[in-house]
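Each remark here refers to the structure printed beneath this line.
In what follows, residues are counted from 1 in the order of the sequence shown. We use all heavy atoms of the structure for the numbers below, so side chains are in, but hydrogens, waters and symmetry mates are not.
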Amino acid sequence: EDDDDDFSLSQTQTHSQVQRNLERRSRDEVNRKVSELVQFLLVKDQKKIPIKRVDILKKVIREYKDVYSEIVNQAGRILQQVFGLQLVEIDTKHHIYILTSNLPRVEGENLKRDNQTAKLGLLTIILSFIFMKGNSAKDSAVWEFLRRLRVHPGEKHEVFGDVKKLVTEEFVRQKYLEITPIPLTDPPEFCFQWGPRAAKETSKKDMLNFVAKIQQKEPSFWTSQYNEAEANP
């Protein structure tokens, strides 16, 4: 528990102190800590184990205690945007957290059997991206979008394994996504669209509400998508 007492000091740091501490840290190192924390929380969540702040400090943050709040905030944003998970403190005295799902309803049998909230999160974020792009997105745009969320198509991911394979083979086999070659492109380019299962198990309205919640805007902010979602609830 010493860690926690010691920690309460860094808890009282003001936002500007944390910002100053951040300037002394390399951006890459902070990003690496954020990624480590996301992986740590996802692995704990797979086992449904409540997460103690003291463990986050000991196992992940370590010598980055002075920018703890920034690392946790950034990890929280990624968890919400990529995986549709909310980091919730269930015990404020002992600082114990759990991840709760705030994904729109995609009720795939295949995904339920896997019981993988994280995969569902990745799928939801891709489906919402395709819809926001006008129901069709180039593969290069999808990969770039995932890279920005620190999910790299060419690398092995702790939770998803081979990301490219998951997206282009598994989601396609399960009929959540369809991939079609774009004619006369060299090197060949492909186009992602919703598969028939996605259209049955979720809706454009759900996806727009999901995006609106993440971006903290009203769904009607996106006029054409809003009209389309209202027409195809």
Side-chain angles (χ1 to χ4, degrees), residues 1-15 17-19 21-22 25-107 111-126 146-152 155-161 163 166 210 213-216:
E1 285 303 301
D2 296 350
D3 274 12
D4 240 20
D5 297 339
D6 168 23
F7 180 68
S8 59
L9 299 172
S10 58
Q11 264 278 282
T12 55
Q13 286 185 325
T14 63
H15 181 67
Q17 280 172 316
V18 172
Q19 291 308 314
N21 294 338
L22 266 178
R25 300 287 191 182
S26 104
R27 178 45 56 206
D28 286 351
E29 280 299 301
V30 173
N31 286 345
R32 196 170 58 78
K33 282 289 170 195
V34 170
S35 295
E36 274 177 31
L37 180 55
V38 168
Q39 308 286 4
F40 175 77
L41 295 170
L42 285 173
V43 170
K44 287 278 192 203
D45 184 58
Q46 295 279 307
K47 299 175 181 149
K48 293 287 167 255
I49 303 168
I51 305 141
K52 294 181 179 154
R53 187 174 71 188
V54 65
D55 287 341
I56 294 177
L57 280 162
K58 269 190 192 144
K59 301 198 167 92
V60 184
I61 306 282
R62 297 195 186 103
E63 71 283 11
Y64 280 71
K65 235 185 245 187
D66 60 338
V67 289
Y68 173 89
S69 59
E70 183 62 23
I71 292 171
V72 170
N73 290 344
Q74 283 189 35
R77 274 200 297 278
I78 291 174
L79 284 164
Q80 187 176 12
Q81 291 175 3
V82 186
F83 306 107
L85 293 167
Q86 200 86 36
L87 188 59
V88 179
E89 194 169 10
I90 51 167
D91 180 340
T92 46
K93 187 170 181 286
H94 300 104
H95 304 295
I96 295 171
Y97 299 89
I98 57 165
L99 292 179
T100 62
S101 174
N102 60 358
L103 286 173
R105 211 183 62 249
V106 179
E107 294 166 347
L111 286 166
K112 258 216 288 285
R113 205 169 45 238
D114 269 340
N115 190 20
Q116 289 233 6
T117 319
K119 273 189 189 176
L120 198 51
L122 189 69
L123 174 64
T124 303
I125 203 97
I126 293 170
L146 292 181
R147 266 188 217 101
R148 284 211 308 273
L149 298 168
R150 299 204 184 85
V151 178
H152 296 279
E155 295 171 13
K156 191 161 167 45
H157 189 278
E158 252 181 80
V159 177
F160 303 126
V163 177
L166 172 65
F210 172 63
K213 193 158 70 176
I214 286 172
Q215 304 214 4
Q216 297 178 330

> For Y64, what residues pass the side chain to side chain donor-acceptor pair (under 3.5 Å) criterion, not counting sequence neighbours?
Replying inline: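 Side chain to side chain donor-acceptor pair (under 3.5 Å) list for Y64, sorted by chain: E29.
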
> Of all residues at least two apart in sequence or in a different chain, which pass the side chain to side chain donor-acceptor pair (under 3.5 Å) check with N73?
Replying inline: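 N73 satisfies side chain to side chain donor-acceptor pair (under 3.5 Å) with no other residue.
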
Is there side-chain contact between [X] and [Y], with at least one heavy-atom pair below 4.5 Å?
| X | Y | value |
| --- | --- | --- |
| L146 | I126 | yes |
| V60 | L41 | no |
| E155 | V163 | no |

>> Name the residue from R53, K52, K59 that meets the salt bridge (Lys or Arg N to Asp or Glu O under 4.0 Å) definition with D55.
In response: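 Output: one option passes, namely K59.
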
How far does [atom1] of [X] sit from [atom2] of [Y], to the nearest 0.5 angstrom?
| X | Y | atom1 | atom2 | result |
| --- | --- | --- | --- | --- |
| I61 | E36 | CD1 | CD | 9.0 Å |
| I78 | L87 | CD1 | CG | 12.5 Å |
| R32 | L37 | CZ | CG | 12.5 Å |
| Q86 | Y97 | CD | OH | 13.0 Å |
| I71 | N31 | CD1 | CG | 9.5 Å |
| I56 | K58 | CD1 | NZ | 12.5 Å |

For a quick test of reading the model, state the closest non-hydrogen atom pair linking [X] to [Y] and the distance between them.
| X | Y | answer |
| --- | --- | --- |
| V67 | N21 | CG1-CB, 3.7 Å |
| S69 | V18 | OG-CG2, 3.6 Å |
| R25 | E63 | NH2-O, 2.7 Å |

> Which pairs with one or both residues in residues 68-90 pass salt bridge (charged side-chain N to carboxylate O under 4.0 Å, His left out), sequence neighbours excluded?
Replying inline: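 Sorted result for residues 68-90: empty, none.
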
>> Could you walk me through whether I51 and I96 satisfy the side-chain contact (heavy atoms from CB on, under 4.5 Å) test, starting with their C-alpha distance in whole Å, then the side-chain angles of each, then the deciding distance to 0.1 Å, before giving a yes or no?
In response: CA-CA 6 Å; I51 305 141; I96 295 171; over 6 Å; no

> Residues in side chain to side chain contact (heavy atoms under 4.5 Å, CB included) with R62, at least two apart?
Replying inline: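 So R62 forms a side chain to side chain contact (heavy atoms under 4.5 Å, CB included) with K33.
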
